[in-house]
Amino acid sequence: LKAAQAQAMLAAPPEMAAQRRRGRCRAFVARASVLGLTLALSSRLSSLSQDWLFSGSCLSAPLPRRLGQSLDGRHWQVSSRSGSMLLGPLGQERSRSSLMSVAATEGEAEAPLDTTAEEEKEEASAGSKGDEVLYFGGIAQERAKAPEETEPMRVASRINQALAARRLPREVPLAFPAERGWYDELGVAPTATQAEITVAYLERASEVEQRLAYLLEGAAEGEESEPSEDLAALAEGSDAVDESSRSDSEASLARLSAGEMTLAEDGSEYSEPDKVALEFMRASNLYQILSVPRLRKIYDEGGVEGLAMRVPRLHKGLLDPERVVAMARGITDFPEEKESLLLRKVPRQATFFRYQAANSIRQVLRRMTDVFRVWIFNDRESLNMREGTIYTELPEICLLGRVNSGKSAVLQHLLSAGGMKRNQLANVGQKPGKTKGLHTFCVNRRFTVTDSPGYGGKSTNPKAQTIQKTWQSKWQPLVEDYLNKTHWLRAVVYVHDIAKDVTEEDIAMVRMLRQRKLPVLLLLTKDDKVDSDTHRLSRAKDIRTKLKWPLDWPHTYYTTRPGGYGQTFKNILGTMMLGLLATDNREDAMYALRNELPEVFMDYRDKYVPRPRGPFGRLLKEKKVRTYPYEDKVYTDDDLRREEKEAEKKEKMQIRRQQRAAGYVRTTKDDIEEEAGVVLTQKQRRQRWEEMLAESTKR
């Protein structure tokens with residue numbers, strides 16, 4: 001075969017040389033596709049190993065090597081268009097007759113072949129036939145026919161069909177709802193669109209408006225022309241009663257007692273306009289629910305029970321019928337609703353726990369949103385401007401204390417919901433003496449709070465001396481006149497820095513307040529300066545002792561720094577101030593100061609005093625001890641002594657209160673007799689012994 005191919009190449013005309021060069025280019029270009037098809041043909045070639053094509057010398061070498069030689073010798077020509085392979089040397093097609101002749105001579109001895117003339121004939125016959133038939137391993141196939149569909153091709157076609165079907169818009173089947181009662185009440189079909197539901201609701205709204213207008217006009221006319229026969233009969237004193245109405249009422253009572261009729265059917269509770277309004281309110285609620293696609297889907301699938309289970313607080317989001325009608329008509333601009341100034345809120349479900357949660361002191365402080373300055377009083381004559389105003393009818397509370405003790409900061413922090421810092425009310429300065437004059441603020445039109453300038457002390461600092469001189473010459477007379485003339489003042493909050501010691505000016509201020517018999521609450525500010533609860537208690541005890549603060553007058557703490565116990569102290573002060581402002585006069589405020597505010601202080605104490613902890617920071621658990629209701633408690637000698645001491649202390653306190661109420665001034669003799677007992681003379685002692693002997697002889 002190699003010799004024949006060499007002879008053919010030498011004897012080939014120039015056209016064949018050009019064709020050979022073109023074949024080389026095509027073979028080089030198609031080599032990549034041939035390599036890809038080699039793996040697919042390997043299985044086919046192995047099955048045809050006994051065929052005529054690979055008999056004799058064609059299979060003398062191993063299969064991969066033979067394939068490589070065939071590619072190098074250009075025995076395989078690949079068409080880039082159809083991907084078919086033609087068997088033959090130099091791109092020449094082998095006709096069916098030549099293939100058959102080779103098959104006939106299969107098995108004979110090899111002989112030199114002269115195939116030049118035969119190849120020319122084959123070329124002529126191939127040129128006459130054209131490209132009608134291709135041969136793949138001796139099997140004839142028509143070019144027009146598509147190749148057989150394989151399993152990967154079937155899988156790919158199914159995937160493409162599924163993707164195309166997914167891109168198409170799905171036809172959602174109309175599922176019939178589980179319940180259709182709400183649709184019937186609105187007068188629409190369960191398959192109605194949102195526009196149809198809106199149109200039906202607006203038609204019903206117009207009908208209800210006309211009906212209410214007619215009923216209200218008829219009621220107004222009836223009230224004007226009603227007093228006729230019945231009133232005349234009553235005026236004459238006759239006992240004539242409409243027998244028909246009496247019989248109707250008796251019949252209705254009989255039906256109610258028998259259970260055949262309810263109060264709603266009786267119609268005695270609501271008038272006709274009220275019934276119409278209630279029915280339309282229900283229709284508005286149904287329209288709101290069915291207008292939300294998600295809620296409508298839940299109702300269609302599960303009905304009312306499904307809504308109640310999945311949206312339990314749906315009733316809290318329903319709007320008023322007037323707003324719903326306006327929104328259905330396309331009105332979006334609504335006037336801003338005025339915020340309520342009430343400090344108390346009544347929940348929809350009037351239970352104790354809901355009321356307690358809605359009216360905690362933190363919620364009440366958040367509702368103090370309307371804070372404005374009434375006036376700044378700079379002299380004693382300006383205090384007369386309050387007479388005849390509404391502010392004399394509101395309860396008032398005042399903050400007094402040393403300069404730079406934090407009075408304005410406390411007000412600004414306590415009434416932060418009213419925007420005092422944003423509106424530049426009760427300004428806080430870095431230097432002492434920022435507040436000048438009495439600043440009176442009104443909170444939610446319910447009560448007033450007054451911020452006062454502070455006093456200084458004895459100091460060598462020129463600025464401190466200037467502040468003290470200004471206080472003595474200008475502000476002290478103003479404050480004294482304010483305390484004397486403000487009869488609606490309920491109490492005073494005395495502000496003191498917990499980190500500073502008591503001075504003579506502090507003692508003089510407290511003495512002035514006590515002389516006027518004003519209820520005074522001690523507020524220890526800047527609590528963030530203390531290190532622990534022990535430090536806090538020691539400072540409070542020291543300040544109370546030096547100020548000679550009464551034992552039954554409470555105190556509280558405060559800090560404006562974020563974090564820590566700031567919110568707890570804010571709640572304590574807010575509760576105490578509201579408790580004092582809620583009283584009717586100063587006597588009631590004094591009673592609340594002595595009896596109620598200490599309980600408030602002790603209730604909050606557990607929230608800011610750290611609880612004792614055990615090892616590894618764990619909270620100590622209280623030991624559970626079983627007690628019996630009728631069990632006699634065993635008292636030890638220590639318990640008895642402790643109880644006797646407490647009883648003696650209470651008795652002494654009671655005696656002192658009685659003496660103070662009677663105006664008795666205690667002396668040193670009274671204190672000695674209280675501790676050591678009554679001192680008896682010798683005559684009184686003999687008389688006492690005689691009485692004791694007489695009692696013993698009688699026994």
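These numbers were taken from a predicted model, which means no experiment stands behind them.
Between the side chains of T450 and E396, at least one donor-acceptor pair of N or O atoms lies under 3.5 Å. Neither side chain, T668 nor D671, offers a donor N or O lying under 3.5 Å from an acceptor on the other. Side-chain atoms of T448 and T440 form no donor-acceptor pair, as typed in the model, at a separation below 3.5 Å. Under 3.5 Å, the side chains of K421 and N427 contain no donor-acceptor pair of N or O atoms. Using a 3.5 Å distance cut-off with no hydrogens or angles, the side chains of T575 and K570 do not pair a donor with an acceptor. Checking T559 against D528 by side-chain atom types alone, a donor-acceptor pair falls below 3.5 Å. Looking at Q567 and N571, their side chains do bring a donor and an acceptor atom within 3.5 Å of each other.
Within a 6.0 Å sphere centred on CG of L551, heavy atoms belonging to other residues, nucleotides or ligands number 12 at most. Around CE of M512, the count of heavy atoms belonging to other residues, nucleotides or ligands within 6.0 Å exceeds 12. The environment of K529 atom NZ is dense: over 12 non-hydrogen atoms of other residues, nucleotides or ligands sit within 6.0 angstrom. Within 6.0 Å of NZ in K485 there are more than 12 heavy atoms belonging to other residues, nucleotides or ligands. Within 6.0 Å of the CD atom in Q363, the count of heavy atoms belonging to other residues, nucleotides or ligands exceeds 12. Within 6.0 Å of CH2 in W488 there are more than 12 heavy atoms belonging to other residues, nucleotides or ligands. Around the NZ atom of K652, the shell of radius 6.0 Å holds more than 12 heavy atoms that belong to other residues, nucleotides or ligands.
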Side chain to side chain contact (heavy atoms under 4.5 Å, CB included) between R362 and R366, worked out: CA-CA 6 Å; R362 193 166 185 175; R366 287 179 179 177; 3.5 Å; yes
Steps toward salt bridge (charged side-chain N to carboxylate O under 4.0 Å, His left out) verdict (R605, D533): CA-CA 11 Å; R605 179 172 171 77; D533 185 60; 3.6 Å; yes
Set out, in order, the CA-CA distance, both residues' side-chain angles and the distance that settles side chain to side chain contact (heavy atoms under 4.5 Å, CB included) for F569 and K607, then state yes or no. CA-CA 10 Å; F569 295 149; K607 296 184 179 180; over 6 Å; no
Begin from the C-alpha positions of T556 and M576 and carry the test side chain to side chain contact (heavy atoms under 4.5 Å, CB included) through to its verdict. CA-CA 9 Å; T556 183; M576 290 184 173; 4.1 Å; yes
Side chain to side chain donor-acceptor pair (under 3.5 Å) between Y287 and T198, worked out: CA-CA 8 Å; Y287 167 72; T198 304; 3.3 Å; yes
Kindly determine whether N461 and Q465 satisfy side chain to side chain donor-acceptor pair (under 3.5 Å), including the steps that lead there. CA-CA 6 Å; N461 190 351; Q465 293 177 0; over 6 Å; no
Please test D639 against R642 for salt bridge (charged side-chain N to carboxylate O under 4.0 Å, His left out), starting from the C-alpha separation and ending with a verdict. CA-CA 5 Å; D639 295 336; R642 192 182 303 110; 2.9 Å; yes
For the pair D274 and S271, evaluate side chain to side chain donor-acceptor pair (under 3.5 Å) and give the outcome as yes or no after the intermediate values. CA-CA 5 Å; D274 294 339; S271 61; 3.0 Å; yes
Chi angles and distances behind the side chain to side chain contact (heavy atoms under 4.5 Å, CB included) call for L524, L522: CA-CA 7 Å; L524 303 177; L522 177 60; 4.0 Å; yes
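In terms of modelled atom types and a separation under 3.5 Å, the side chain of N444 and the main chain of R367 share a donor-acceptor contact. With hydrogens and angles ignored, the 3.5 Å screen pairs no side-chain donor or acceptor of H487 with any backbone N or O of N484. Formation of a donor-acceptor pair under 3.5 Å by the Q468 side chain with backbone atoms of G456 is found in this model. Remark: the backbone N or O of G401 is not paired with any side-chain donor or acceptor of S405 at under 3.5 angstrom. Between the side chain of N359 and the backbone N or O of Y355, at least one donor-acceptor pair lies under 3.5 Å. Looking only at distances, a side-chain donor or acceptor of D379 sits under 3.5 Å from a matching main-chain atom of S382. Using modelled atom types, one side-chain atom of K407 and one backbone atom of R402 make a donor-acceptor pair closer than 3.5 Å. Within the 3.5 Å criterion, the main-chain N or O of A409 finds no donor-acceptor partner in the side chain of H413. Remark: the backbone N or O of Y591 is not paired with any side-chain donor or acceptor of E596 at under 3.5 angstrom. D670 places no side-chain N or O within 3.5 Å of a backbone atom of R666 that could act as its donor or acceptor partner.
Residues meeting the side chain to side chain contact (heavy atoms under 4.5 Å, CB included) test with V502, sequence neighbours left out: H496, D506, I507, I543, K546, L547.
A salt bridge links D497 with K526; the closest basic N to acidic carboxylate O contact falls under 4.0 Å. Salt bridge D501/R539: present, at least one basic N to carboxylate O contact under 4.0 Å. Note on D584 versus R490: no salt bridge recorded, every NZ/NE/NH1/NH2 to OD/OE distance being 4.0 Å or above.
Test R516, R386, R380 against D481 for salt bridge (charged side-chain N to carboxylate O under 4.0 Å, His left out) and you get one pass: R380.
At a threshold of 4.5 Å between non-hydrogen side-chain atoms, the residues N285 and F280 do not count as touching. Side-chain contact between P598 and D552: absent, with no pair of heavy atoms (C-beta onward) separated by less than 4.5 Å. Between Y455 and V403, the closest side-chain pair of non-hydrogen atoms is not below 4.5 Å. In this structure the side chain of P453 never reaches within 4.5 angstrom of the side chain of K436, judged on heavy atoms. No side-chain heavy atom of T466 sits less than 4.5 Å from a side-chain heavy atom of K463. Inter-residue side-chain proximity for I397 and L580 is flagged as met; some heavy-atom pair is nearer than 4.5 Å. Between R282 and L278 there is no side-chain heavy-atom pair separated by less than 4.5 Å. The side-chain heavy atoms of V443 and L415, taken from C-beta on, include a pair separated by under 4.5 Å.
Cation-pi geometry between R514 and W553 is met: under 6.0 angstrom from the ring centre, within 45 degrees of the axis. Note that R536 lies in the cation-pi zone of Y557, set by a 6.0 Å cut-off to the ring centre and a 45° limit from the axis.
The aromatic rings of Y565 and Y608 lie perpendicular to each other, with more than 60° between the two planes, well past the 30° mark.
The six-membered or imidazole ring of H439 lies away from that of F377, with a centre-to-centre distance of 6.0 Å or more.
Closest non-hydrogen pair, L411 versus M420, comes out as O-SD, 3.5 Å.
Atom CZ of R373 is separated from atom CG of D451 by 10.0 Å, given to the nearest 0.5 angstrom.
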